[in-house]
Amino acid sequence: MTISLFIEQIINGLIIGSMYALVGSGIALIYGTMRVLNLAHGEFYMLGGYLVFLLVVTCGVPAYLAIPIALLAAFLLGALIQRITIHYLLQREGWAFSTIAVTLGLSIFLQNSALLLFGENVQSVPYYVTGIVEFAGIRIPMQRLLILGVAILTIAVMTYVLKATRLGWAIRATSQDRDAAAVVGIPASRIYLITFGIAAALGAIAAAMMAPIYAITPWSGLPILFKGFVVVILGGLGSFPGAIVGGLLLGVVEAVGVQLTSTEWRDVIAFALMIAVIWVRPWGLFGSKS
Amino acid sequence: MAEAPMLQVENLNVLYGDFQILWDVSMTVGAKEVVAVLGPNGSGKSTVLKAIMGLTPVRSGKIIFEGEDLTKVPTHEMVARGISMVLERRRLFGAMTVRENILLGAYHRSVNKDIASRLEWVESLFPILAERRDQIAGRMSGGEQQMVAIARSLMSRPRLLLMDEPYLGLAPKIVSQIAGIIQRINQEGISVVFNEQNVHLSFGVSHRGYLLESGRMMLTGTGEEMIHSDVIRRVYLGV
Amino acid sequence: MFQPLRPWQWLLVAITLAALAVLPLLSSNSYVLHVLILSMIFGIFASAWNLVTGFAGLKTFGHHAFFGIGAYSSALVALHSGLSPWLTIWIAALIATVAGLFIGLPILRIRSMPHVAIVTLGFAEIVRITISNLQSITRGELGLWGIPPFESFTLPVLGEMKFSPADKAGYYYLILVLLVFSTGLITLLMRSKSGLALVAMRDAEDAAESLGVNLTRHKLLVFGVSAFLVGLAGAFFGHYIGILTPSAAVGPDLMILVIAMALVGGLGTLSGPLAGALVLTCVVELLRDLNDLRLLIYGAIIVIVVMFLPKGLATLGPIVRRRFTYLRAPTTSPAKHL
C-alpha cells in the first residue's frame, strides 16, 4: 500500500468519524443533562435518513431545503418522545433503569414502524455534490469533503450555542446541577425537552450527510447507535467535546484497523477499543476522574 | 400585627416515601427580618427551606408569600416572585467561571435586565469576586464558593433570601465573615431565613428563631428568649 | 421473597408440574408442545437474566451472547467430536460460564449503570460478529445445520422418549426437567448467603460497601450461574431447532424478547420471568400471521409496561393495595409557641 492511499484511508476515517461524533455528541448531551442513556438514539439517525430520502427522492425537494426540514422534524420527534416517556419516568424511582428500558422498547418500535412504512428495501439518496478533489496523489470525493464541512459547521454552531447563548448556559447549568439551575429560574423539564430535540436533530444531520454513501434501511440505526456508544465511552459519558474527539478517534482507529485486518472486523475493533478503555479509564480518555 | 407577614408557612407536612419529615410546621417571616431555623441534625431544618422553594414536594399545607399562595409554584418560578435561595454546600456550577455563575443568578426573564447595575451592586458587596471573575468556580475555596453562591442568589434582587446551612463546613473566621454578609444583605432591605445547628452562632445575626425537633416546630421567639428556654436545653442537651 | 413455600403454594407448584407432566399424554398436538417448549427455553433465559438484573441489581443487556455461545458450542462440539448432546449441553453451559466470568469481572468494577449496559451490549455484538465472521467453522449467516438431536431412550412407564420433529415429547420432558433444575438452582442461590447479601444490598450498594461487605464475589457467583443457565438454554435450543444462525441465536432481538418477558412478568420476582415467557411466547404464536408486526408489538409492550406497570403483571396486586395506603392522612402535632 502506498503512503498516499494510507493517508486517504485516514482522511476517510476522519470523515466517517465526524459523523460518529455527531451521533455520539447527541447521546452525550442527553446523558449529560438528564443522565439518561438513550438506546433509541440510533432510530433518530435511521428516521432522519428516511426523511431526507422521502423529501429528496420521493418529493423532489432540493437537498439544501430537505435537510433543514428533516432536522426540524427530527427535533420535534425527539422532543415529543421525551415529553411522553422520559419526562414522566424521571419523576419516579428507579428511573436510571426504566429510562434505558423504555428507550429500548421505543427503538424496537420505531425500527419496526419504519419497516412497516418503508419496507425492507435498501434506499439511498443521490450525491449532493459530485467530483473528486485531488491533491498530492490523494483523492477524496467532494461528497465526503462536504460531509466533513457540514460536521465542522455543526460542531461550531453547537459549541457557540452551548458557550454563548442563553439556552446553552441553561443546558450547561442544568447538566451541572439540576436543583441549583431550578433555583436561579431554569426550568429543567423544558431544558430536557429541548436537549432531546437537539440530540435527535444532530443524529438526523449525520443521517442526511451519510444518506448518499451509506444505505438507508429500517435497521441502519442499530449499528450507528453502537458506534455512538463507543464514542461516548471514549470521550467520557456526558461530555460534548469528549464525544467530538472520541468520534474522530474512532473513525481513524477503525480506518487503520480495517487496513490491518478486513472490513468485517470493523465493529469488533470498535467494541474491543471501548472495552479496553472502560477497563483502564472508565471516565473516558479525556475526562477527569470526578 | 396589623399587616400580614411577608411569608406565612401554614401546617406544612412533607414525606419522603412513607417517612414523614415535617409534621404540621408553621412559621412566619416579616419584611426586613432575619429568621433562624434551629434544630439538631436530621430535625428537618433543610426540608423546611426546600419545601418553601418547591424543591421538595409538599403533601399538605400552605406557603403564602406577599399574599400569594406559592405552594404549587415550581422552583424555577420562585425568583420571579421575589424569593431566592442559597443551597446547602454552595452547589455552584462547578465547571463554569465565577462571572458565569453570578450572571446565571439573573437568568429568569423577569429579572434578566439591568444586568450591569445588578452586577455592580453584587460586586460592591463582594469586591473579591470581581477580581476572581474568570476563575473556575469549582476550584475555589469553600468560603469563596459560598460568596459566589450568595452573589448568584442576589442577582435576582430577591425580597426574601433562603440560606440552607450557610456556615456548613466553613472555618470559624469565614463563618463570622458570612455572618457579616447576612447582616449586610439585611441592611439592603432583604429578609433572610437561614438554618443552623448552633444556637449561639445563629442569634449573632437573627432577630427571631424557630426550633425544630424531629420535624415538629417546638418553639419560637427572639434570640434572648430562646437561649434561656428550657426546651432548647432539653433538645440540645437532653436534660 | 425466598421464604419456604406455604402449604397452599406447594400444592399450586405440584398441580402445575403434574399438569405439565401429563399434558403430552393428553394431546399429541406437536404445535402445542412446540409453543410450550419455546416458552420453557425462554423461561430459563428470562429467569437467569432476571437473576442478574432483578436480584443482583446489575443491569446487563448482553445475555444473548451466552445463549449464542451455549448454542454454538454444544452444536459444534457434538458435530465435530461425536460426543452425545446429552453431554455437550453441559460442556456448552460451562463454556458460557467461563465467558460470563470473563466479561463479569470487568463490568463488576464499573459502578455506573449506563456503562454496564453499553459494555454488555458491546460484548454481545463482538460475540455475534465473531460467530458470523468465522464462516469456516460456523457457516455464518448461511446457518449451521445438521446439529445432532438427542439420542432416544426408553423409560419404564412412559415408554420410548423420542427426540424428533414429529414426536416432541422427549424434548418437552427434557426442557421441563431443565426448567425445574434452573428454577431450583436460582432459588437455592438466592437463599444462600450470597443471595441474601445481594437482595439486602440491592439498592444500597454504597451503604453495603461502607459496612465492609464485599459484594464482588457474590455478584460474580450470580453472574456465572446466570451465564451457565442461559448457555444451557441456548445449547438445548440448538439441538431442538437443528439449525443455528448468528442473528437467530445471538441477535439483539433475542435479548429484547427476553427483556420484554422479564419486564412483563415482573423484574425481581421468581415467577415473573416464567409467566412473562409463557405469555409472550403465546402472544408471538397467536400473531404468527402478523409476523411483520411481531417486533413492533414487543416494542410497544416494553414501552407500555415500563410506563404504566413498572413492576410487571406479577405484582399488579400489591400496586393496587399500595395506592390505598397512600391515602392515609398523617397524624398531626401543633407547634408550641412561647
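So you know, we letter chains A, B, ... as the sequences are listed, proteins then strands, and number each from 1. This structure is a prediction, so every number in the text was calculated from the model and none was measured. Side chains are part of it too, since the values below use all heavy atoms of this structure and drop only hydrogens, waters and symmetry mates.
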Largest heavy-atom contact set with chain A, pairs under 4.5 Å, which of C:Leu263, C:Ile103, C:Ile256: C:Ile256

Side chain / backbone / both / neither for A:Tyr88 at chain C, heavy atoms under 4.5 Å: side chain

Residues of residues 297-305 of chain C near chain A, each having a heavy atom less than 4.5 Å away: C:Gly299, C:Ala300, C:Ile302, C:Val303

Qualifying salt bridge (Lys or Arg N to Asp or Glu O under 4.0 Å) pairs, either residue in residues 223-232 of chain A, two or more places apart: A:Lys227-A:Glu254, A:Lys227-A:Asp267

Heavy-atom pair with the smallest gap, counting every atom of A:Leu222 and C:Pro252: CD2-CG, 3.8 Å

C:Ile118 side chain reached by A:Phe226 side chain, heavy atoms, under 4.5 Å: no

Any donor-acceptor N/O pair, A:Arg92 side chain to C:Met307 backbone, under 3.5 Å: yes

Most contacts with chain A, counted as non-hydrogen pairs under 4.5 angstrom, among C:Ile259, C:Ile129, C:Ile126, C:Asn133: C:Asn133

Proximal component of A:Leu39, with respect to chain C [non-hydrogen, under 4.5 Å]: side chain

Toward chain C, the part of A:Leu106 with a non-hydrogen atom under 4.5 Å: both

For the student: nearest non-hydrogen atoms of A:Met274 and C:Val119, plus distance: CE-CA, 4.0 Å

For C:Lys59 against A:Phe97, the heavy-atom pair lying closest together: CD-CD1, 3.4 Å

